[in-house]
Amino acid sequence: MLNLDTLNPEQRDAVETVRGPVLILAGAGTGKTRVITFRIAHMVQRGIAPENILAVTFTNKAAREMLERVNALLPKSRITQHAARADGEAKPSRPTVSTFHSLCVRILRQHIELLGYKKNFVIYDESEQLGAIKKILANVSAKGEQTDPRAVLTLLSKFKNGGAAAEAAFKDPNVSALAEHVRKKYESALKACNAVDFDDLILLTLRLFTEHPDALEACRARFRYVMVDEYQDTNAAQFQLVHALTLKHRNLCVVGDDDQSIYGWRGAEVANLLDLEQHYPEVKVVKLEQNYRSTNTILQAANAVIKNNTRRRGKNLWSQNGQGTKIQLHAFDTDDTEARTVAETIEFKRMTQRVPWGDQAILFRTNLQSRPIEMELRKAGIRYHLIGGQSFFDRREVRDFLAYVKTFLNPHDDVSLLRIANVPARGLSDVTMERLLGASQERHCSVFTAMRHTDVQASFQARSREAIQEFIGFVEETRAKLADEAFATKPDALQQWSEKFLNDTGYWGELRRSEKNQENAENRIRSLRDLIATMDREGVGKAMSDRLDAFLEHITLDSEREDEKEAGDAVTLITMHSCKGLEYPHVYVVGLEDGLLPHSRSKVEGTMDEERRLFYVAITRAKRELMISHCGGRKKYGQVMPCHPSPFLKELPKELIEDADEKGKQPVTQASAKDMFAAMRAALQ
């Protein structure tokens, strides 16, 4: 028998309310997955056939985990008994637990012929979608005009999913006219191939329900009890699908938290949860407010912040985990000092309190903020893994730049030279480089040495020979600058040297040309320039080549770093958007500055409430200790730009905060941070 006594009163109420519409308002860390799985098992125990139960979530991983937990609670014999009563055969039966898109694939495989498709339709992935868009754009774009096919595809996706995102996307009449024209041709092209795309799965199911009521009735008869997880993240099309399935029997249970709705930018409609009574006036609301994750200090801070959002369903999280320590609030002079102090604190906790790296996480608003953090963690020898983004040191522009630097230090480094020989394109094609590599193997020398041999050069056509000679001259000229003692005395010598060779090669222009989205290109340029700006801090006073060696020692990927993803004990680096659903004993929320959180666009776009919800999500990831920090200056294109604290910090109750800035009356600087941790280490010895 299922033991419901292990649930708290509110959880049990949610589990036992089976019929009619129910909204389970599940605050952060209140055990919503436990409630969902117990509810499914309880329904089966009450005699509801498993095949009549549908649970929908957003990821395949979540669906698999939910089904595994249901199966652990539910004896297989009971599932088989219900199947026998349903169709006379004792074959296994179980609830349907799937994503929205998997559900629609299942429905369309049965009924899509009614819409003029064959049952063996194919689902286009992104590359196939882009291929179709490119063909269409080639015929509709004006001569000399370039339209980004990825941007068009994003626009079409917003259009298909409807709601506020679609309205915002189509404000520009010129854009909407092009998108509408492309949409019709795109749909025709896919149907001609008996293909659908990801968004079509839901839209075609809705069209099926509208045009063929019998198919809708068959689905309603099958799925008599519907549950939807993370309901605050549903978009307009997903809402319509759920509403169509449950309009008659009304057995709908949605689980969600409007305070954790942070995906409006990709079409999520928090109004689906806030306005549920408009569609189901009889809905029963059950609030889960007992948090099993965090201390009351963390929860009280989160409650105080989120109550400033006016349009929300009120709830007050609390815990039996005790009050806990105060939240640490730090002000730093720059993002470099912030990163260094966080790295030192992580290592200090590991040494003094035996806190594993894996129990600690660093949260930030944008992936660009990871650069100084990754550098400091590497310097400190701290293992880490980055979730929801590409490691700064794995980015193409960073790898290209480091290959250039290594080539100038040692032109006989074949791996580095081969990477950048034709980046940007300079006439050294793959065929040319393959021949040069072959020549180097025959002569038992480096590729660069082979390039310099006159007989090797003579074996090439004039154009390739000229390209080889120009590349040799470029490498030697750039290397010579490293030995220029007069140039080396300049405080930003390495930065100037790097900027010059990147300009001379046309690399900045290459980055802009290779990215269809110019914002992405500028982000790449910014991140690389921020890295270059750190070079002059390494080995100041030494020869430039020695300073470059010191720079590379700190950041070059080695075999240990390549294995980081395999390491179990590693600090987590993660964006706030990616951290929902996760939890860590020790959390560091960095970059709490106006313009980052809330984002600079939020005031114009009217998304301040969502930015505050993002801060709320970040706070509630912490179980035991939380450190929040902001900087007086943050690097942008190599220059330290002034920053101001986030207005959200004023919403934190003072009695819950230990303000390091108030204690010292000054922001923490590189020198003061270094002295502080030196004193701590001395005390340990």
Side-chain angles (χ1 to χ4, degrees), residues 27-29 257-262 289 291 293-312 314-319 321-332 335 338 341-342 345 360-365 369 574-577 579-580 583-600 602-603 607-632 634 643-668:
D257 181 8
D258 52 308
D259 290 337
Q260 296 186 74
S261 178
I262 58 174
E289 297 174 299
N291 177 284
R293 173 189 300 158
S294 308
T295 65
N296 279 302
T297 292
I298 292 167
L299 297 178
Q300 288 163 10
N303 290 335
V305 168
I306 201 63
K307 74 177 183 181
N308 291 285
N309 277 2
T310 52
R311 190 161 188 256
R312 60 183 289 263
K315 70 183 76 67
N316 193 58
L317 298 182
W318 61 276
S319 170
N321 295 334
Q323 192 61 30
T325 60
K326 288 189 175 184
I327 296 168
Q328 297 289 313
L329 178 61
H330 290 272
F332 297 102
D335 50 343
E338 178 183 57
T341 305
V342 169
T345 304
Q360 306 187 65
I362 305 171
L363 278 55
F364 36 81
R365 177 64 170 81
Q369 293 172 257
I574 188 168
T575 65
M576 297 178 191
H577 278 105
C579 73
K580 191 156 74 74
E583 58 184 47
Y584 308 92
H586 301 263
V587 169
Y588 308 84
V589 181
V590 300
L592 256 292
E593 295 137 29
D594 198 6
L596 276 177
L597 191 73
H599 196 278
S600 55
S602 61
K603 295 175 184 177
T607 55
M608 187 66 78
D609 281 5
E610 182 159 322
E611 292 292 297
R612 185 178 282 109
R613 292 195 290 266
L614 194 57
F615 186 33
Y616 172 85
V617 167
I619 292 172
T620 53
R621 297 313 95 194
K623 298 171 70 176
R624 289 173 49 195
E625 292 186 3
L626 175 63
M627 174 178 146
I628 299 172
S629 60
H630 60 92
C631 302
R634 188 170 292 276
C643 300
H644 302 283
S646 168
F648 295 154
L649 294 175
K650 295 180 181 178
E651 299 173 359
L652 294 169
K654 289 185 177 180
E655 65 272 16
L656 303 177
I657 304 298
E658 188 172 305
D659 194 331
D661 190 24
E662 283 293 316
K663 283 184 175 181
K665 299 298 180 184
Q666 292 292 332
V668 177

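Please read all numbers here as calculations on a predicted model, not as lab measurements.
Between the CD1 atom of Ile298 and the OG atom of Ser319 there is a distance of 9.5 Å, given to the nearest 0.5 Å. The line from CG of Asn316 to CG of Asn303 is 4.5 Å long, rounded to the nearest 0.5 Å. Separation of atoms CG (Leu614) and NE2 (His599) is listed at 10.5 Å; rounding is to 0.5 Å. Atom CD in Gln260 sits 5.5 Å away from atom OG1 in Thr620 (nearest 0.5 Å). One finds the CG atom of Asn291 at 7.0 Å from the CG atom of Asn321 (value rounded to the nearest 0.5 Å). Atom CG of Leu363 sits about 12.0 Å away from atom OH of Tyr588, to the nearest 0.5 Å.
A donor-acceptor distance shorter than 3.5 angstrom exists from the side chain of Asn308 to the backbone of Val305, with no hydrogens or angles considered. A donor-acceptor distance shorter than 3.5 angstrom exists from the side chain of Ser646 to the backbone of Leu597, with no hydrogens or angles considered. The backbone N or O of Thr325 sits nowhere less than 3.5 Å from a side-chain atom of Glu625 that would complete a donor-acceptor pair. Side-chain atoms of Glu338 come within 3.5 Å of backbone atoms of Gly591 as a donor-acceptor pair (strictly under, hydrogens ignored).
Using a 4.0 Å cut-off between a side-chain N of Lys or Arg and a carboxylate O of Asp or Glu, Arg311 and Asp609 do not qualify as a salt bridge. Salt bridge annotation for Glu611-Arg365: present, with a cationic side-chain nitrogen under 4.0 angstrom from a carboxylate oxygen.
Taking both residues in full, the closest heavy atoms of Tyr616 and Ala28 are given as OH-N, 4.3 Å, listed atom of the first, atom of the second, then distance. For Gly324 against Thr297, the heavy-atom pair with the smallest separation is O-OG1, 3.6 Å. Of all non-hydrogen atoms in Met608 and Pro598, the two that sit nearest each other are SD-CB, 3.5 Å. Nearest heavy-atom pair, Glu593 versus Cys643, reported as atom, atom and distance to 0.1 Å: OE1-SG, 3.7 Å. The two residues Leu592 and His630 come nearest to each other via the heavy atoms O-CB, 3.2 Å. Here the closest non-hydrogen pair linking Ser629 and Phe332 is CB-CE1, 3.4 Å.
In this structure the side chain of Thr341 never reaches within 4.5 angstrom of the side chain of His330, judged on heavy atoms. In this structure the side chain of Lys315 reaches within 4.5 angstrom of the side chain of Asp257, judged on heavy atoms. Looking only at side-chain heavy atoms (C-beta outward), Ile262 and Met576 stay at 4.5 Å or farther from each other. In this structure, Lys603 and Asp594 have side chains that are in contact, with non-hydrogen atoms separated by less than 4.5 Å. Contact annotation: the side chain of Ile574 never approaches that of Arg621 to less than 4.5 Å [non-hydrogen atoms, C-beta and beyond]. The side-chain heavy atoms of Val589 and Ile619, taken from C-beta on, include no pair separated by under 4.5 Å.
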Test log, rule side-chain contact (heavy atoms from CB on, under 4.5 Å), inputs Thr345 and His586: CA-CA 11 Å; Thr345 304; His586 301 263; over 6 Å; no
Step-by-step side-chain contact (heavy atoms from CB on, under 4.5 Å) determination, Gln360 to Val342: CA-CA 11 Å; Gln360 306 187 65; Val342 169; over 6 Å; no
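Around the NZ atom of Lys326, the shell of radius 6.0 Å holds more than 12 heavy atoms that belong to other residues, nucleotides or ligands.
Side-chain contact, Gln323 with Gln300: a donor N or O sits under 3.5 Å from an acceptor N or O.
When each of Arg312, Arg612, Arg613 is checked for a salt bridge (Lys or Arg N to Asp or Glu O under 4.0 Å) with Asp259, only Arg312 meets the rule.
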